[in-house]
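Values below: all heavy atoms of this structure, side chains included; hydrogens, waters and symmetry mates excluded. Quick caveat, the model's predicted, so the values are computed rather than measured.
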Amino acid sequence: MSNVNIVKSDAEFEQVKVTAENKLLAIAFSAKWCGPCNQIAPKFNQLSVQFGDIVFVKVDVDICKTTAALYNISSMPTFVFEKDGKVIDTLKGANPAALTTKLESIYNTMGTSTTIMGGEMVELSQFMVQKSCLNEDEEHPISAVFEDNKAYLESDCDHELLMTFTFSQMIKLHSIKVKAPDDGSAPKTMKLFINQPSLMDFDGARDGNALQEIEFSQEDIVDGSIMPLKYVKLQAVNSITLFFGSNQNDQETTKIQNIVLYGKPVNTTNMRDFQRVSGKAGEAH
């Protein structure tokens with residue numbers, strides 16, 4: 001079984017690219033007379049089934065000469081990985097293990113595209129090295145907000161939650177998404193602090209001057225709307241502290257299903273190296 005698109009002309013290749021839209025392309029450049037190409041072909045076919053949301057394409061360099069020249073193909077097999085018209089990486093040779101590893105690595109770092117304000121951003125959880133939360137229920141800990149399931153974080157003895165995230169490198173923080181149940185326990189207010197010299201306590205969070213305060217509507221939190229942050233003031237962030245001081249209907253405890261932070265690392269300009277989130281122009285300030 002195979003989901004590989006075998007193109008028969010340069011024009012057909014261009015049409016496959018148009019149809020793929022913003023999906024990741026895995027392109028195998030080969031030739032019928034190429035022994036190594038024929039050896040690795042079954043693995044390429046297998047991967048096309050395994051990664052159903054990637055568009056796999058096979059290009060015969062003797063048939064699609066213009067395409068082969070455009071990609072500067074000089075040896076076969078050569079595998080090219082492309083997204084949004086940009087070449088992300090290439091791999092030469094008929095090594096099935098290397099092909100699998102390369103594809104898995106690219107797939108894992110690309111992530112799922114979504115549209116937010118502010119241009120090309122990444123989900124910052126991949127840079128977190130430490131996560132802590134005060135007043136978390138033992139059965140519903142902070143780890144739940146980063147899991148893709150029905151788990152949730154819940155406060156313990158009252159409605160307040162105080163969490164800190166530390167990053168492996170300096171980041172620019174752009175926006176946040178907080179999603180919670182539609183039962184009145186969703187957060188209503190949030191205070192954002194950055195680069196605290198030590199872990200804050202609840203008194204410090206309640207009385208401290210936050211860099212930004214947000215009041216969520218029930219719709220914001222249930223729908224998981226992306227909320228803009230003060231991006232120009234968040235250009236050099238090592239850690240953030242979030243204080244959720246109240247919930248929507250004054251429930252005894254507060255619940256949060258998901259928290260996503262969007263931004264970018266300071267020390268890189270090649271955003272294709274990370275889990276991308278593409279957006280439209282117009283950053284929040």
Taking [Y]'s backbone N and O only, do any of them form a donor-acceptor pair with [X]'s side chain (distance below 3.5 Å, no angle check)?
| X | Y | result |
| --- | --- | --- |
| D158 | N135 | no |
| N258 | V145 | yes |
| N45 | S2 | no |
| T78 | S75 | yes |
| Q212 | K230 | yes |
| E104 | K102 | no |
| S155 | L161 | no |
| Q235 | V266 | no |
| D60 | A31 | no |
| Q248 | P187 | yes |

Separation of [Y] [atom2] from [X] [atom1] (nearest 0.5 Å):
| X | Y | atom1 | atom2 | answer |
| --- | --- | --- | --- | --- |
| E139 | D156 | CD | CG | 10.0 Å |
| F193 | L211 | CZ | CG | 9.5 Å |
| K58 | N5 | NZ | CG | 12.5 Å |
| E136 | I256 | CD | CD1 | 11.5 Å |
| F81 | L91 | CZ | CG | 6.0 Å |
| K177 | I221 | NZ | CD1 | 11.5 Å |

Does [X] share a hydrophobic cluster with [Y], counting links as ILVMFWY side-chain heavy atoms below 4.5 Å and allowing steps through other members?
| X | Y | value |
| --- | --- | --- |
| Y152 | I259 | no |
| L199 | L134 | no |
| L162 | L153 | no |
| V55 | V7 | yes |

Inset, instruction - Show your working on side-chain contact (heavy atoms from CB on, under 4.5 Å) between V61 and Y71 and close with a plain yes or no. - result: CA-CA 11 Å; V61 298; Y71 285 85; over 6 Å; no
So do [Y] and [X] actually touch side chain to side chain, heavy atoms under 4.5 Å?
| X | Y | answer |
| --- | --- | --- |
| F13 | I63 | no |
| E82 | V87 | yes |
| I240 | L234 | no |
| M128 | L261 | yes |
| T253 | D137 | no |
| V260 | S125 | no |
| T189 | I214 | no |
| T100 | L47 | yes |

Inset, instruction - List the steps and the verdict of side-chain contact (heavy atoms from CB on, under 4.5 Å) for L103 and Q50. - result: CA-CA 11 Å; L103 188 58; Q50 181 180 344; over 6 Å; no
Quick check: closest heavy atoms across [X] and [Y], and the distance to 0.1 Å?
| X | Y | result |
| --- | --- | --- |
| A210 | E213 | CB-CG, 4.1 Å |
| F216 | V178 | CZ-CG2, 4.0 Å |
| Q251 | H159 | O-CB, 3.8 Å |

Inset, instruction - Answer yes or no: does atom CG of D201 have more than 12 heavy-atom neighbours from other residues, nucleotides or ligands under 6.0 Å? - result: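 Yes, CG of D201 has more than 12 neighbouring heavy atoms, counting only those of other groups under 6.0 Å.
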Inset, instruction - Determine whether more than 12 heavy atoms belonging to other residues, nucleotides or ligands lie under 6.0 Å from atom NZ of K17. - result: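 Atom NZ in K17 is crowded, with more than 12 foreign heavy atoms closer than 6.0 Å.
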Legend entry - Aromatic ring proximity, centroids under 6.0 angstrom, Y262 and H174: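 No, they do not, as the ring centres are separated by 6.0 Å or more.
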If we count only N and O atoms by modelled type, under 3.5 Å, do the side chains of [X] and [Y] hold a donor and an acceptor together?
| X | Y | result |
| --- | --- | --- |
| S225 | D223 | no |
| T164 | T241 | yes |
| T67 | D10 | yes |

Inset, instruction - Please work out which of the three classes, parallel, tilted or perpendicular, describes the rings of F44 and F56, given edges at 30° and 60°. - result: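 Because their plane-to-plane angle is over 60°, the rings of F56 and F44 count as perpendicular.
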Inset, instruction - Assign the ring pair F243 / F202 to parallel, tilted or perpendicular, where the plane angle (0 to 90°) is split at 30° and 60°. - result: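 The arrangement is perpendicular - the two ring planes meet at more than 60°.
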Legend entry - Cationic tip of K131 above F146 ring, under 6.0 Å, 45° of axis: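 Cation-pi check for K131 and F146: passes.
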Inset, instruction - Step by step, work out the side-chain contact (heavy atoms from CB on, under 4.5 Å) result for M190 and M227. - result: CA-CA 11 Å; M190 184 192 81; M227 310 296 289; over 6 Å; no
Legend entry - Residues N238, T166; criterion side-chain contact (heavy atoms from CB on, under 4.5 Å); working and verdict: CA-CA 6 Å; N238 285 319; T166 305; 5.9 Å; no
